[in-house]
Structure formats: C-alpha cells, structure tokens
Amino acid sequence: MTLQSYRKRWGHAPGASHYAAAEAGVRTTPPIAVPTLVIRGAPDRCNDPSTSLERASFTGSYRRLELPGVGHFPQREAAASVVEAILAALAQAA
C-alpha cells in the first residue's frame with residue numbers, strides 16, 4: 001500500500017476507487033485557521049517540498065521551515081532542531 005501511495009502521489013498510478021469520496025472531501029476542506037508550523041527536510045526524496053500544503057491553505061499564522069541536509073524524517077534526523085523550532089513557535093504564540 002505504501003508503494004501505491006507514492007505512485008499515485010507522483011502521478012504514476014491511478015487512485016483506488018474506494019478512496020474517491022475521501023479524496024474529494026480533502027479537496028473541499030476549508031482553509032486551516034490555527035497557527036501552523038510546517039517542518040520539512042529540504043532534500044526529502046520521498047515527498048518533494050513543492051508538494052506540501054502552501055500558505056494559501058492557511059488563514060492563521062503560517063511558518064514553513066525546511067531543514068537543510070535533513071530528509072524524510074526531520075523528527076528523527078534532526079530532533080534537536082525540530083524541538084527548537086516547536087518551542088520557538090510556542091513561545092511566539094504565547
């Protein structure tokens with residue numbers, strides 16, 4: 001199933017028909033209003049950074065952080081940087 005997810009995401013395979021209604025619901029979800037911090041690995045080879053939700057999907061405060069040299073699992077590969085970014089965001093929100 002994981003391989004199929006990546007194939008569909010990159011346009012190399014059709015989606016499963018039993019997920020059509022769920023996918024339609026995601027496409028019509030209203031913008032996200034809560035403060036948001038997106039943390040990504042800059043060279044993530046599983047999910048290209050250009051495919052993640054962009055600022056237009058949010059109406060609340062939004063910050064996008066791409067960690068250089070960190071791949072698909074920033075929380076594993078750069079735990080200290082992730083914690084630091086979360087704590088800074090929480091302090092700013094307070």
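Applying the salt bridge (Lys or Arg N to Asp or Glu O under 4.0 Å) definition to pairs two or more places apart or across chains, those involving residues 17-29 are K8-E23.
Residues that satisfy the side-chain contact (heavy atoms from CB on, under 4.5 Å) test with T59, not counting sequence neighbours, are P31, A33. Residues satisfying the side-chain contact (heavy atoms from CB on, under 4.5 Å) test with A13, not counting sequence neighbours, are Q4, R7. V26 meets the side-chain contact (heavy atoms from CB on, under 4.5 Å) test with no other residue; sequence neighbours excluded.
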Exercise. Could you go step by step and tell me if Y62 and V38 meet the side chain to side chain contact (heavy atoms under 4.5 Å, CB included) rule?
Worked result: CA-CA 8 Å; Y62 175 88; V38 176; 3.7 Å; yes
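Residues P68 and A42 come closest through the heavy atom pair CA-CB, 4.1 Å. When every heavy atom of G41 is checked against every heavy atom of P74, the shortest pair comes out as N-CG, 3.9 Å.
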Please tabulate, one pair per line, all N/O donor-acceptor pairs under 3.5 Å involving side-chain atoms of residues 76-86, not counting sequence neighbours.
| residue | atom | partner | partner atom | Å |
| --- | --- | --- | --- | --- |
| E77 | OE1 | G71 | N | 2.6 |
| E77 | OE2 | H72 | N | 3.4 |
| E77 | OE2 | F73 | N | 3.1 |

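T29 contributes a side-chain N or O that, together with a main-chain N or O of G25, makes up a donor-acceptor pair within less than 3.5 Å.
For the atom pair CZ (R64) and CG (L37), the distance works out to 11.0 Å, reported to the nearest 0.5 Å. Atom CZ of R40 and atom CG of L65 lie 11.0 Å apart (nearest 0.5 Å).
Atom CD of Q75 is surrounded by more than 12 heavy atoms from other residues, nucleotides or ligands within 6.0 Å.
Annotation: side chain of F58 is not in contact with side chain of V34 (no heavy-atom distance under 4.5 Å).
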